[in-house]
2 protein chains.
Amino acid sequence: MNDDPRWLSDQEQLVWRSYIEAATLLEDHLDRQLQRDAGMPHVYYGLLVKLAESPRRRLRMTELARYAKITRSRLSHAVARLEKNGWVRREDCPSDKRGQFAILTDEGYAVLSRTAPGHVDAVRQAVFDRLTPEQQKSLGEIMRIVAEGLQPSEAGADLPWLR
Amino acid sequence: MNDDPRWLSDQEQLVWRSYIEAATLLEDHLDRQLQRDAGMPHVYYGLLVKLAESPRRRLRMTELARYAKITRSRLSHAVARLEKNGWVRREDCPSDKRGQFAILTDEGYAVLSRTAPGHVDAVRQAVFDRLTPEQQKSLGEIMRIVAEGLQPSEAGADLPWLR
DNA sequence: CTCAGTTACTTGAACTCTCAATCTCTACGG
DNA sequence: CCGTAGAGATTGAGAGTTCAAGTAACTGAG
């Protein structure tokens, strides 16, 4: 609808460049760290964490996908892999025969406790140890805003017809 | 060396969670946007941009990899694909027979000019339009710090034996 | 000059992710 | 009840990424 593209200002370009670079390097760094120390990529680790935090260490597939911000398809493949490792198992949902629970096994929990300290350290060294408390706070606010704007379907998506 | 893991505080956990969520959603969003409108993932688009900005629209493979913060291997595969699309071509480096230039073709440049406005819009809508000028500035500073900390080998990496 | 070490880049296989089906089951208006 | 729209989850194929290994060419100490 808008003919004339609003380019990024020089300022904005620098910000965007820094973001892309940091995000790329960081994800890469954590992927390697976890692949080396825990035998799985960062996303998979995140799945185990979500399960560990959940009541009875279990979550419906769709819910887990929503929390982790990934597609159900991706989750299916991921859980299949984690199941092969013995870190997660599936169980049918009694109340909905279509449903499946992903459940963190004891072995999965063990991997997590064994590798969590190292991972936290990596995150600290890469991010928190380098930022002032104000910057940390600011980062949280900023990323929360961005995340909210990209949420697939807002809960109270009011008046969508107004944009 | 440190026995006692320094966990993230509740504050820090929230920040980290927001970061992961936003970064995941954002990369996903831009990947889809570019796959749909330009027929390539976000990283590949970034490669074309780097080339477009370079003198004579060309860059040595290693340099391109360094700018884009990806491995040479990944770049090799990526350029192979972009070559198939006719958006990039390779040329031998005369002064170093091991070397290769990746060169943006006219067709590649055309794709870029055709799709850049839409991409900029997507970035604006997802990020810049939602942040105050102070937040934008802050984001830039924060990400620059993080990126610098993860750079494979610092130029003046002084006294690495002291950590 | 020479050859051991390094740099530039590529390759193939294993793994992960995406996208478009597909399948089963639930919900519900008629 | 029946029929069907939609939800929950999986699958397979194709695309992308990683890791380890490989080739070829440069570099420099001796």
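Keep in mind that the numbers below use all heavy atoms, side chains included, and drop hydrogens, waters and symmetry copies.
Nucleotide C:dT10 holds its C1' atom 11 Å from the CG atom of B:Leu75, rounded to whole Å. Atom CG in B:Leu59 sits about 15 Å away from atom C1' in C:dC9, given to the nearest Å. Rounded to whole Å, atom C1' of C:dC17 lies 16 Å from atom NE2 of B:His77. Atom CD1 of B:Ile70 and atom P of C:dC9 are 13 Å apart (whole Å).
The phosphate of D:dA9 (OP1 or OP2) has no side-chain N or O of A:Arg72 nearer than 4.0 angstrom. A close approach under 4.0 Å does occur between a side-chain nitrogen or oxygen of B:Arg90 and OP1 or OP2 of C:dT10. Residue A:Gln100 places none of its side-chain N or O atoms closer than 4.0 Å to OP1 or OP2 of D:dG8. Side-chain N/O atoms of B:Arg81 include none lying less than 4.0 angstrom from OP1 or OP2 on D:dA15.
In B:Arg36, the CZ atom is crowded: over 12 heavy atoms of neighbouring residues, nucleotides or ligands sit closer than 6.0 Å.
Using cut-offs of 30° and 60° for the angle between ring planes, the B:His119 and B:His42 rings count as tilted.
Among the protein residues, A:Tyr44 comes within range of the sugar-phosphate backbone only, with heavy atoms under 4.0 Å from sugar or phosphate atoms but none that close to a base.
Distances from the side chain of B:Thr62 to the nucleotides C:dC9, D:dG8, D:dT17 place C:dC9 closest. Of the candidates C:dT18, D:dA9, D:dT17, the closest approach to any side-chain atom of B:Val43 belongs to D:dT17.
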Filtered N/O pairs between nucleotides 20-28 of chain D and protein, under 3.5 Å:
residue, atom, partner, partner atom, Å
D:dC26, OP1, B:Lys97, N, 3.0

One pair to check against salt bridge (Lys or Arg N to Asp or Glu O under 4.0 Å): A:Arg89 and A:Asp106. What are the steps and the verdict? CA-CA 10 Å; A:Arg89 66 189 171 79; A:Asp106 288 348; over 6 Å; no
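With B:Tyr44 as the aromatic partner, B:Arg81 does not meet the cation-pi criteria of under 6.0 angstrom to the ring centre and within 45 degrees of the ring axis.
The pair B:Glu141-B:Lys137 counts as a salt bridge, with a side-chain nitrogen and a carboxylate oxygen less than 4.0 angstrom apart.
Within a heavy-atom distance below 4.0 Å of DNA chain D, the residues of residues 27-40 of chain A found are A:Asp28, A:Arg32.
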